[in-house]
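Below: the structure, in C-alpha cells.
Residue numbering restarts at 1 for every chain, and letters A, B, ... go by the order of the sequence lines.
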Number of protein chains: 2
Amino acid sequence: MLTERQLLVLQVIIDEFIQTAQPVGSRSISKKDEVTFSSATIRNEMADLEEMGLIEKTHSSSGRVPSEKGYRFYVDHLLSPSRLSNKEIRSIQETFRDQMLEFERVVQKSAGILSDLTNYTSIILGPEVFETKLKQLQIVPLTHQTAVAILVTNTGHVEHRAFTIPQEIEAYDLEKMVNILNDRLYGVPLVQLHEKIFNEVGDLLKTHTRNYEQAFQYLQAALLNEQPAKLYVGGKTNILMQPEFKDLEKVRSLYAMMEKENEIVHLLRSEHPGIHVKIGHENEVDAMQDCSLITASYALGDDQIGTIALLGPTRMEYNRVIKLMNVLSSEMTDTFKSWYQGE
Amino acid sequence: MLTERQLLVLQVIIDEFIQTAQPVGSRSISKKDEVTFSSATIRNEMADLEEMGLIEKTHSSSGRVPSEKGYRFYVDHLLSPSRLSNKEIRSIQETFRDQMLEFERVVQKSAGILSDLTNYTSIILGPEVFETKLKQLQIVPLTHQTAVAILVTNTGHVEHRAFTIPQEIEAYDLEKMVNILNDRLYGVPLVQLHEKIFNEVGDLLKTHTRNYEQAFQYLQAALLNEQPAKLYVGGKTNILMQPEFKDLEKVRSLYAMMEKENEIVHLLRSEHPGIHVKIGHENEVDAMQDCSLITASYALGDDQIGTIALLGPTRMEYNRVIKLMNVLSSEMTDTFKSWYQGE
DNA sequence: TGTTAGCACTCTTGTCTGTTGAGTGCTAAA
DNA sequence: TTTAGCACTCAACAGACAAGAGTGCTAACA
C-alpha cells in the first residue's frame with residue numbers, strides 16, 4: 001500500500017510528465033507548492049515507487065517517467081474529476097444545437113470536436129446499421145439499364161447503390177417488387193430483412209413478379225449485402241504533433257493500422273458499454289503499444305450502441321479526456337434519444 | 001541548346017536520381033552501359049548543365065541532383081513513353097469491370113488503384129455536382145418532427161439530408177411541395193434549380209401549399225444549399241514512405257494542407273483539361289513546394305469534367321506516372337460515357 | 001526514526017576535432 | 001577534344017571532452 005506522501009509524489013510526477021513529456025527530477029518536484037519536503041526525501045520515495053514498478057528511469061541518472069503500471073494506478077486511483085472550461089462545454093453543445101439532424105453529420109462533427117479539444121485522434125464507430133429498422137425502399141431508374149436503389153432507415157440513415165439492370169429484367173418488375181417489399185417490410189430491423197423476405201414475402205413476390213429470382217438477386221446485391229459499419233475519424237494528424245511520435249516508423253505503423261478499418265471496427269465493437277482505458281501494452285494491437293485508447297459508448301435508441309474512442313500517447317491527459325468523453329457520449333445519447341423518441 | 005551528349009547525361013542523372021534519391025556522381029554515370037566516355041568528360045558536361053540551371057549540387061563536392069528546371073526540361077523534352085506492365089493494366093481494368101456502377105465507388109476505387117500503383121498520394125475530384133440533372137426529389141418522414149430529404153441526379157449521385165420539421169408545417173405540405181417540384185423540375189441541371197424554382201414553380205407552389213415560404217426554406221436548407229464537391233484521396237500514407245519526407249515538419253504541413261479540402265478543390269478545379277505537371281515551386285501552395293502535382297481530367301457525360309491528381313515528391317517517376325494517368329483518365333471517361341449514354 | 005544536506009557518481013547532450021571517402025575542378029598530356 | 005591525375009572540398013562519422021541534470025548513499029540533525 002502506498003503512503004499519503006508516495007501518492008502525492010506519484011501524482012505530481014505523472015501530472016508533470018503529462019504536461020511536459022520530460023522526465024521529472026526530484027528537485028523540480030520539491031519546488032512544487034503542494035510539496036513541503038526536500039528533494040532528498042523525494043528521491044527516497046521515488047526509489048520506492050520505482051521498486052513498485054510505478055515509475056521508471058530512462059537512464060541511470062535521469063528523472064523519472066511513469067510506467068504503464070503507473071498510469072494504470074493513476075487512472076484507477078488518482079484521477080481527480082476535472083472541470084471543463086466554458087469554452088469546451090460550449091463547443092460540445094453547439095455541435096448538437098444544429099437543427100439539421102442527421103446521424104452521419106453529427107457523428108462526424110463530434111469526432112472533429114473531440115479531436116480538436118484534445119489534440120488526439122478521435123474515432124467514432126457508428127452503431128450496427130442492421131439493428132436499425134427499414135423505413136423505405138426505393139428504386140430510381142436512371143437509364144434503361146441503370147438505376148439507383150435507395151434504402152432509408154428509421155435513424156435517417158440513407159444507403160444507396162447504383163446498379164445495372166440486366167436485359168432480362170424490366171424496370172417495371174423491379175418497381176413492383178419494391179412496392180411489395182415496402183409494403184411488407186416497413187419497420188423490420190435490417191438484420192431480419194433476409195429472413196423475413198424468404199419466409200414471408202417470397203411467395204408473394206413470386207406470384208407478382210416475372211423473373212423473381214434474378215430481379216431479387218440484383219436488388220440484394222445492390223442494397224442488402226453489405227453493412228459498412230462506418231468509422232468516423234477526426235484529427236488524424238494530431239498524432240504528428242505529439243513528441244512521442246517524432247519517430248517516423250511509429251507514425252507509419254500507426255497510420256497503417258488506422259487504414260485497416262475492419263480491425264478497428266472489431267476492436268471497438270468488442271468493448272463493453274461504459275468508459276474504458278487501455279494503456280500501452282494493454283492494447284492487443286501491436287502498433288498501439290505506445291498509445292492509450294479510451295473508449296466510451298453512446299446509445300442510439302434503445303439498444304443500439306456505438307462507440308467513441310480517443311487514441312493518443314500513453315502520456316495522455318486522462319482526467320480531462322475522460323471527463324470530456326463522458327460529457328460527449330451522454331450528450332450524443334440524449335440527442336439521439338430526442339430525435340427518435342417521437343417515432 | 002543542349003548537345004546530344006548533354007541530353008544523355010541529364011537523362012541519366014534524372015533517371016538515376018528518381019530511382020535512388022541519392023546525388024549522382026560522374027563516376028557512376030560513366031559506368032552506365034549507354035555512356036562511353038570518362039568521368040572527367042562527364043564532369044565537364046555536368047558543369048555546363050549546372051551553369052544552365054538544370055542540375056545542382058547539394059554541397060560543393062557532392063554529386064548532382066536535378067533542379068526543378070531540370071525536371072521541367074525532362075518532362076517537356078526527355079520523357080520516353082513507358083509501357084505499362086500487364087499487371088498494371090489489369091488492375092486498372094478490373095476497377096471498371098465491376099458490374100456495380102456507382103460513381104462514388106468507382107472513383108474511390110480508382111484513387112486507391114492509382115496510389116497503389118504509384119506509391120504516391122492520389123486525389124480525385126468529382127465533377128461539379130450542380131452540372132448534373134435532377135432525377136428525383138423525395139421526402140421520407142421519420143417521425144412527426146423529422147424527415148429525410150433525398151435528391152437523386154442523372155449520374156446516380158444521391159444527396160440526402162435529415163432535418164427537423166417545425167411545428168407550423170405539416171408533413172403533408174412538404175410532400176405536396178415535393179410532388180410539384182418533382183413534376184416540374186425533372187431533368188433540370190442542379191445549377192439552374194434555384195432560378196427555375198423562383199421563376200417558374202414558385203407561383204404554383206404558393207397556390208397549392210400553406211406556409212410556402214417556411215416549408216420551402218426548410219427544404220432548401222436541407223438539400224439545395226450546399227454542393228460538397230467531393231474529394232477522394234488514396235494513399236495518404238504513401239507520403240511517409242518517401243525519403244524526402246523524413247522531415248516531420250514537411251509531412252505536417254502537407255497533411256495540414258490536405259485537410260483543407262476547399263483549397264484543394266479550388267486548386268484542381270482551376271486546371272484546364274488535359275495532363276499537366278506542376279513541379280515544386282510551380283505550385284502556388286506553400287506546402288507543396290517540395291512536391292510535384294500531376295493532374296489529368298476525365299469527362300463524365302458531355303461537359304462535366306472531373307480531375308484526377310497525383311501528389312508526390314518532385315523526384316517522381318514522371319514517365320510511368322503520366323502514362324498511368326493517361327490510361328486511367330481515359331478509362332474513366334469511357335466507362336462513364338457507357339453508363340450515361342443510354343439515358 | 002524520519003528528514004535532509006552534501007558529495008561522489010552516472011549518464012545525456014552539445015561541441016569540437018580529426019579522419020575517411022565520395023566527388024569535384026583544374027591542368028597538362030595524349 | 002578527351003582523358004588521366006591531382007589537389008581540394010565537404011558530409012558523415014567517430015572519439016574526446018565539458019557541462020549539467022539527476023541520482024544514490026552517507027552522515028548529521030531534529
Rounding to a whole Å, what distance do you find between [X]:[atom1] and [N]:[atom2]?
X     : N      : atom1 : atom2 : answer
B:R27 : C:dT24 : CZ    : C1'   : 14 Å
B:K57 : C:dG23 : NZ    : C1'   : 9 Å
B:I42 : C:dA22 : CD1   : C1'   : 16 Å
A:K31 : D:dG22 : NZ    : C1'   : 12 Å
A:E56 : D:dG22 : CD    : P     : 18 Å
B:F37 : D:dA4  : CZ    : C1'   : 17 Å
B:I29 : D:dT3  : CD1   : P     : 14 Å
A:E45 : C:dT4  : CD    : C1'   : 13 Å

Original post:
Which pairs count as salt bridge (Lys or Arg N to Asp or Glu O under 4.0 Å) when at least one residue sits in residues 248-257 of chain B, sequence neighbours excluded?
Top reply: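 Qualifying pairs: B:E249-B:R252, B:K250-B:D290.
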Original post:
Which pairs pass salt bridge (Lys or Arg N to Asp or Glu O under 4.0 Å) with one or both residues in residues 1-18 of chain A, sequence neighbours excluded?
Top reply: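 Every salt bridge (Lys or Arg N to Asp or Glu O under 4.0 Å) pair that includes a residue of residues 1-18 of chain A, provided the two are not neighbours, is A:R5-A:E45, A:E16-A:K32.
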Original post:
Think B:R64 has a side-chain N or O under 4.0 angstrom from the OP1 or OP2 of C:dA22?
Top reply: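 It does not, given that no N or O in the side chain of B:R64 lies less than 4.0 Å from OP1 or OP2 of C:dA22.
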Subject >> Side-chain N,O (A:R5) to OP1/OP2 (C:dT3) below 4.0 Å >> reply: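 Checking C:dT3 against A:R5, a side-chain N or O does come within under 4.0 Å of OP1 or OP2.
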**OP:** Would you mind telling me which of D:dT23, D:dT3, C:dG25 lies closest to the side-chain atoms of B:E50?
**Re:**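 Of the candidates, C:dG25 comes closest.
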**OP:** When you get a sec, tell me which of C:dG25, D:dT23, C:dA5 is the closest nucleotide to the side chain of A:M46?
**Re:**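 Among C:dG25, D:dT23, C:dA5, the one nearest the side chain of A:M46 is D:dT23.
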Original post:
Is there a donor on the side chain of A:R43 or the base of C:dG6 sitting less than 3.5 Å from an acceptor on the other?
Top reply: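 For A:R43, whose side chain was compared with the base of C:dG6, there is a donor-acceptor pair (under 3.5 Å).
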**OP:** Report the distance from atom CG of A:N119 to atom CG of A:L117, rounding to the nearest 0.5 Å.
**Re:**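 Taking CG in A:N119 and CG in A:L117, the distance rounds to 9.0 Å.
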What's touching nucleotides 10-13 of chain C from the protein side, N or O pairs under 3.5 Å?
unit_1, atom_1, unit_2, atom_2, d
C:dT10, O3', A:S60, OG, 2.7
C:dT10, O2, A:S61, OG, 2.5
C:dC11, OP1, A:S60, OG, 3.3
C:dC11, O5', A:S60, OG, 3.2
C:dC11, O4', A:S61, OG, 3.4

**OP:** Heavy atoms only: give me the nearest A:L311-A:M257 pair and the separation to one decimal.
**Re:**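 A:L311 and A:M257 have their closest heavy atoms at CD2-CE, 4.5 Å.
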**OP:** Give the minimum heavy-atom separation between B:R43 and B:S26, together with the two atoms involved.
**Re:**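 In terms of heavy atoms, the two residues are closest at NH1-OG, 3.2 Å.
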Subject >> 5'-most by nearest nucleotide on DNA chain D - A:N44 or B:S38 >> reply: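 That would be B:S38.
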Original post:
Stepwise, does the side chain to side chain contact (heavy atoms under 4.5 Å, CB included) test hold for B:L2 with B:L49?
Top reply: CA-CA 9 Å; B:L2 292 176; B:L49 289 172; 3.9 Å; yes
**OP:** Tell me, with the steps shown, if B:I55 and B:S67 meet side chain to side chain contact (heavy atoms under 4.5 Å, CB included).
**Re:** CA-CA 5 Å; B:I55 54 179; B:S67 68; 5.9 Å; no
